[in-house]
Amino acid sequence: MTRSRPFSTRIPVVLGIPALFGIAFLVIPLLGLLVRAPWGSLITHLHEPGVWEALRLSLLCATLATLVSVAFGVPLAWALARSEIPGRALIRALVTVPLVLPPVVGGVALLLVLGRRGLVGQWLDQWFGISLPFSTTAVVLAESFVAMPFLVLSVEGALRGADRRYDEAAATLGASSWLTFRRVTLPLVAPGVAAGAVLAWARALGEFGATITFAGNFPGTTQTMPLAVYVALETSPDAAIVLSLLLLAVSVGVLVALRHRWVPTA
Amino acid sequence: MTRSRPFSTRIPVVLGIPALFGIAFLVIPLLGLLVRAPWGSLITHLHEPGVWEALRLSLLCATLATLVSVAFGVPLAWALARSEIPGRALIRALVTVPLVLPPVVGGVALLLVLGRRGLVGQWLDQWFGISLPFSTTAVVLAESFVAMPFLVLSVEGALRGADRRYDEAAATLGASSWLTFRRVTLPLVAPGVAAGAVLAWARALGEFGATITFAGNFPGTTQTMPLAVYVALETSPDAAIVLSLLLLAVSVGVLVALRHRWVPTA
Amino acid sequence: MSERSEGTAQHSERSERTVQQGERTIQKGGRSLSLDAALRVERPGFVLDIQLTARPGEVVALIGPNGAGKSTALRALAGLEPLSAGVVHLDGETLDDPAARVRLRPEQRPVGVVFQDYLLFPHLSALENVAFGPRAHGVAKRQARTLAQEWLRRVGLGDLASAKPGQLSGGQAQRVALARALAVEPRLLLLDEPLAALDAATRVDVRADLRRHLSAYDGSCVLVTHDPLDAMVLADRIVVLEAGQITQEGRPAEVARAPRTTYVARLVGLNLYRGYADGPVVRLAGSGEVTVAQPSTGEVFVAFQPSAVALHPERPAGSPRNCWPVTVSTVERHGDLMRVRLAGVPPVLADVTAGAVADLGLTPGTQLWAAVKAAETRVYPA
Amino acid sequence: MSERSEGTAQHSERSERTVQQGERTIQKGGRSLSLDAALRVERPGFVLDIQLTARPGEVVALIGPNGAGKSTALRALAGLEPLSAGVVHLDGETLDDPAARVRLRPEQRPVGVVFQDYLLFPHLSALENVAFGPRAHGVAKRQARTLAQEWLRRVGLGDLASAKPGQLSGGQAQRVALARALAVEPRLLLLDEPLAALDAATRVDVRADLRRHLSAYDGSCVLVTHDPLDAMVLADRIVVLEAGQITQEGRPAEVARAPRTTYVARLVGLNLYRGYADGPVVRLAGSGEVTVAQPSTGEVFVAFQPSAVALHPERPAGSPRNCWPVTVSTVERHGDLMRVRLAGVPPVLADVTAGAVADLGLTPGTQLWAAVKAAETRVYPA
Amino acid sequence: GSAGSGSPGSTEPASRAASPSPRISGTVTVLAAASLTESFGVLADEFERAHPGTTVRTSFGASSALASQITNGAPADIFAAASPETMRQVVDARAARSSSVFARNHLQIAVPRGNPGKVTGLADFGRTELRIAVCAPQVPCGAAATKAFSAADISAKPDTYGNDVKAVLTAVRTGEVDAGLVYRTDVRAAGNAVTGISFPESAQAINDYPIAVLANAPNPSAAKAFVAYVRSEAGRRALSAAGFDVP
Ligand SMILES: Nc1ncnc2c1ncn2[C@@H]1O[C@H](COP(=O)(O)OP(=O)(O)OP(=O)(O)O)[C@@H](O)[C@H]1O
Ligand SMILES: Nc1ncnc2c1ncn2[C@@H]1O[C@H](COP(=O)(O)OP(=O)(O)OP(=O)(O)O)[C@@H](O)[C@H]1O
Ligand SMILES: [Mg+2]
Ligand SMILES: [Mg+2]
């Protein structure tokens, strides 16, 4: 009879091997980048103008986009999972559209709606003198547009997996559906929301196509790291690799540091 | 006292309004595309050579990439959520790397590893005569690389939300951890897996940067819809919009049709 | 006088609620119904269709076999289960009336519920669970916490206020659930087996506490329980639910004395038969007949206690009017006595001493004669 | 002889298990221990530290107040809770021994568990839940289903085989959980309140069924229960667990007759005091003294039944040797009688008739004299 | 001037391109800059017709991405880049021996339909009230724009830097900016959605398109024939039609 060492959780082989493959598949390309990175000229590349500015802007915009996604995406996920709104299946499918849309086309679509001559944008411009494109706001909007679906779908999945009877218990205690949502439903699906927020943040951080099209690429206001990487690719692939690694290092660092927050201890 | 209509689930205003905003934000840009689409020349654009080929290839590759992601991503998610492997926080953060990495750089990284002269690819070439890049397999790999993290993180979130005591109950009935996983854990987090698979599929369907870099843009073997859209943008932006809409229509159609499968009835 | 502890379902008429209930009876007398409900819930393979009423301050015990629809009835009253027909009035207010398209949501109903599986919010501490209801009703945070602490103290968990439900034992969790439901001071209290997980000693305390609490407030209470003693001690009226229908209803003592279904008879430990009386002889519905002391005519129930059944290895001569051959199915200890389940026409339960079991060599399969004196039987119209 | 129904915790010595247990006793006599465990589990604010043994075929009832550690002990035996020290041997095999770094995983232990909250797999039907264990043990699909169907039939749920747990009532779910645990035919069976949610009538059947099943197989069984009757009927030995420690252990009749803690005394409905005996007078540990019939010396327990307590409005003259002033705290119905909780030195429980309650005008706060004859007390060494 | 290692025409005299080639067959794989999509599409069809038995596989993408593919061993025959810079990366990696410039592209001002900003020349790029888009200086069209501005002695006030020409062109097409600086080929491809305005300084803002047969070309003979075809009269015709200058 096999005897496990005391107090260890055993990973069955049928799960362990694919899991190892999965990790390898996701991580080895990163190793490829690290191996080929121009370690000699690293410092030089990091001191090129605008790099840190772009990093700051990336982190800021991705975080704001995540907040926007949470603010609107969580209620949307709740409506999809819990309420009986008509055409739910269609709405759910439409929510995935920004994922499928090639990002450049997504940027065009945003311009068509929010641009100076866009469906909504022309009125914003005319009545309030607000012009969104080519501003930092536009970066946040573009990133929110591509990132929100991740949040919505993860949170909806988590909500469907959660036990609705806790909501019933809250209702019998006199809690309105809003209070129930805030104090019962949401805390119960916190891991799902956290996972969705991480997905959204990471996706926003890496967003490129929609941003360049809708928000443009102006150092200091709209040039995020992926745009800087793209520009660098043209002249010096080495610099592009260095910038990508910087972006990765920062994001991995942030996620590891946040660990205790986004992975609630059970 | 307010009286609700019989048997309707009420959406509280504080949730309903942001949910509406969320829907509008995600769907109106699509309307923008629809309004500006060249309805007159629609048929012409749809009959341009290679369009249907590209669509077929897109659906095929995205589906295969989703299968790959599920096969490797679910075990990985399980290992992250349930086992005590060392360095879990770091692995979890590294899994998000493909999200953050600008996709073109992701493609370069894949080339660095799996290319004919790559870290792994050179051995594949030398020993087995296998060359991955610029093949349909490369498209699937590139799409899997960007799509798998979505699956892993959604499923991990769902696993963390699930009640582990059912696993304990299965163990006391003599079930190995693999049987428990297959017959108890996995069915319990089915909504999370479904949400993750949808995310991964949609993301794979829209994948562009890593594909064009790692797999090239050869009609019939590696030119998926987003690449076809890119090519069309060069010659006719109208055609690009039509192709994007075609891609969207198909993906929304597929998701609505699958609804009963990926949204398990509670 | 010998000691009788928990579980004695039998009731003498003397033991009416004269002590603590004097005032309540007066209160109730003058008032109309507090709860007045007709519930119909349809499910594939199951229909619940009952009338349920309660006067102010009255405690109604809902008893019945597993799957009879007790929890379903409570859920319907709480607004968690849509009625397919019927109506729920509470203190003159309409909570539910599908025909008039009126349906208050659960949170709009002044109803408190203890769920059969507690449903404590797993992410909140015991204290926060109990404070949740008062908070939802607009009580200030600090005050709600004080209130919650007080309720926890009352159910004996004052020192576990900060424990999460996952860190509570089963009985502790049930006590928190009870405190949580009581803390909102509802006008209708719905308790689904509120004492099932409590240990026997605590149960006595909590039952007494609940008793005191229920007498103190004039809302109605519907209590589901499987424990006959709980029903006897806590309830003013017992409603027996079987397969979605009410099969008997009445004061605890009445129900215990004159059961009208096999379920109730087994609950209170009686042998019960239905039959057609023609003078002193009742022809039973299954088959067989029983001679009784009080002659009557028409459809009747015949009941007698297991202890009234004498067992003999041979056909006895002498006074017992009822005497028939039986075969032992099982023998099990039952309190001080051994309870013998006997197959025959009719089948019957007998309580005998352990000594008798040994003397008669009772094991499953033993053939015997059962004898019951007519004087021991009770007859009442069906 | 009057009928005593469920819940009577008191036991006369006559009612030994002579009937169904003849063979088992012989079986056991010849064999060594089947389960031999020392469990130590440490948690913040709670330590479980007990020795637990069982002979082959023996049923051990674990009773004790809520939060005593009963479920924790079962979890530790099943391998779900790591031991911080101790050892678990089953039929000579070591299941757990942290010192030797041996620990079998739960699925490697031949142990079946019924959890307090059932933990039925929500996505599988009742049948599939029961078939799960046999399937995991390698039984072919068709055969496992036949087996499961048979088990469901035995717990009376043959026609609910295809229902999902969400569609079962509480009691139905518990019966499925019982069938599921029994279907793997484990060598050690751990039952955490397996009958708590069953309705009183079904409970009698399932209890008898369980009794029969437990006598049929020679694995050991540890049973957690709050129902004294379950413990008496099902168990060969009772282990009383309080605050993580064993406070008493013995055959059901012994425990009922000579409780050693207040918890057990309340469980079986006795007044119990600890004190120092010096001849016929026992000075109680709290304060007060009791005169007893059997003189002795040293630390002793004194026990007497609530029905042995007489209540008087004035200090009575005459024979009772023990007589002291008390104040009524609560009065509640208890079976046929009323149980009066009295504060005084010492505090005491008295059972009186409803008539006496009315005559004496007993309401909380009434001042009385309690009297107990020395002949009614029982004394045994502490 | 050419930035590549070979001067124009150094390897393949134009005269030989037109002459009937030796029997060639098989597949030619061409990696070409995205801006060549239209013209190379036409050329590939014509080449296949002229040489029955051959197939031309084209893969269009950003020159830089194509260069990465080639240096990582892409099994291609020909690389046609949109900038000498990227070609040099390939040559430096010894993936191609030499290259030649086969086309030039020069800048034009693009304005939305109706020219709302009333833009007439390069001087308008200094007007702060206008919304202006140009390419980022690191990418070829941006480098060319910088040259044009310095030649005209204008300090341009762009509101956004496109990462490529298409980003600038999209901004113009949707009316987001009043003027952008793009290639003439792009203005032509965009049809009547944008108006092109030529300016004299564009002569200083020219971008060269080099082409090369790759060192590891699987089908070198057919590759040479295709390059020759690009440089032939037919090739020049197709390129000019798309708006390129042909040397
Ligand atoms: N969600 C459901 N869907 C379908 N049938 C259900 C559902 N819940 C319960 N039932 C069925 O409805 C009937 C009544 O169930 P209910 O829970 O009301 O019984 P109960 O009287 O509370 O029983 P118990 O004493 O075992 O708790 C049962 O037959 C049960 O199987
Ligand atoms: N997961 C946990 N973490 C911390 N403490 C716990 C946990 N589970 C139980 N406890 C505490 O451990 C003690 C023993 O709990 P256990 O569940 O074993 O009690 P029990 O004897 O089964 O009680 P009950 O009769 O109420 O089911 C209790 O005080 C409980 O609060
Ligand atoms: Mg129930
Ligand atoms: Mg317990």
Side-chain angles (χ1 to χ4, degrees), chain C residues 1-12 14-16 18-20 64-67 71 116-117 169-172 193 196-202 204 208 211 226-229 232-233 263 266-269 305-307 330-333 335-338 351 353-355 357-358 362-363, chain D residues 1-12 14-16 18-20 64-67 71 116-117 169-172 193 196-202 204 208 211 226-229 232-233 263 266-269 305-307 330-333 335-338 351 353-355 357-358 362-363:
Chain C
M1 185 189 299
S2 80
E3 203 253 348
R4 310 268 167 91
S5 65
E6 292 132 62
T8 305
Q10 193 194 5
H11 265 259
S12 66
R14 298 163 301 154
S15 65
E16 296 300 357
T18 44
V19 185
Q20 297 196 328
N66 292 133
S71 299
Q116 197 165 7
D117 46 359
S169 75
Q172 289 164 345
E193 310 228 27
L198 302 192
D199 68 83
T202 309
V204 173
R211 183 90 200 80
H226 285 135
D227 185 331
L229 184 66
M232 301 295 166
V233 170
Y263 170 75
R266 296 192 58 190
L267 197 66
V268 299
Q305 296 192 351
S307 55
T330 61
V331 183
E332 66 181 77
R333 186 158 50 193
D336 286 353
L337 299 166
M338 304 304 287
D351 280 356
T353 60
V357 169
L362 293 187
T363 51
Chain D
M1 185 188 299
S2 78
E3 205 253 348
R4 309 268 168 92
S5 65
E6 291 132 60
T8 305
Q10 193 195 3
H11 265 260
S12 66
R14 296 163 302 156
S15 65
E16 296 301 355
T18 43
V19 184
Q20 298 197 329
N66 292 133
S71 299
Q116 197 165 6
D117 46 359
S169 75
Q172 289 164 345
E193 309 229 26
L198 303 192
D199 68 82
T202 309
V204 172
R211 182 90 200 84
H226 285 136
D227 186 331
L229 184 67
M232 300 295 166
V233 170
Y263 170 75
R266 296 191 58 190
L267 198 66
V268 299
Q305 295 193 350
S307 55
T330 61
V331 183
E332 66 181 77
R333 185 159 50 195
D336 286 353
L337 301 166
M338 305 304 288
D351 280 355
T353 60
V357 169
L362 294 187
T363 52

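This one's a predicted model, so the numbers in the text were calculated from it and none came from an experiment. Chain letters run A, B, ... following the sequence lines, proteins first, then strands; residues in each count from 1. Basis for what follows: all heavy atoms, side chains included, without hydrogens, waters or symmetry-related copies.
Counting only distance, with no hydrogens or angles, the side chain of Asp199(D) and the backbone of Asn66(C) share a donor-acceptor pair below 3.5 Å.
The candidate from Pro65(D), Ala196(D), Gly64(D) with the greatest count of non-hydrogen atom pairs under 4.5 Å with chain C is Pro65(D).
Across every non-hydrogen atom of Gly67(D) and Ser169(C), the tightest pair is N-OG, 3.1 Å.
Remark: Ser71(D) pairs with Gln116(D), Asp192(D) by the side chain to side chain donor-acceptor pair (under 3.5 Å) rule, at least two apart or across chains.
For chain D, the nearby part of Glu193(C) is the side chain; its heavy atoms alone come within less than 4.5 Å.
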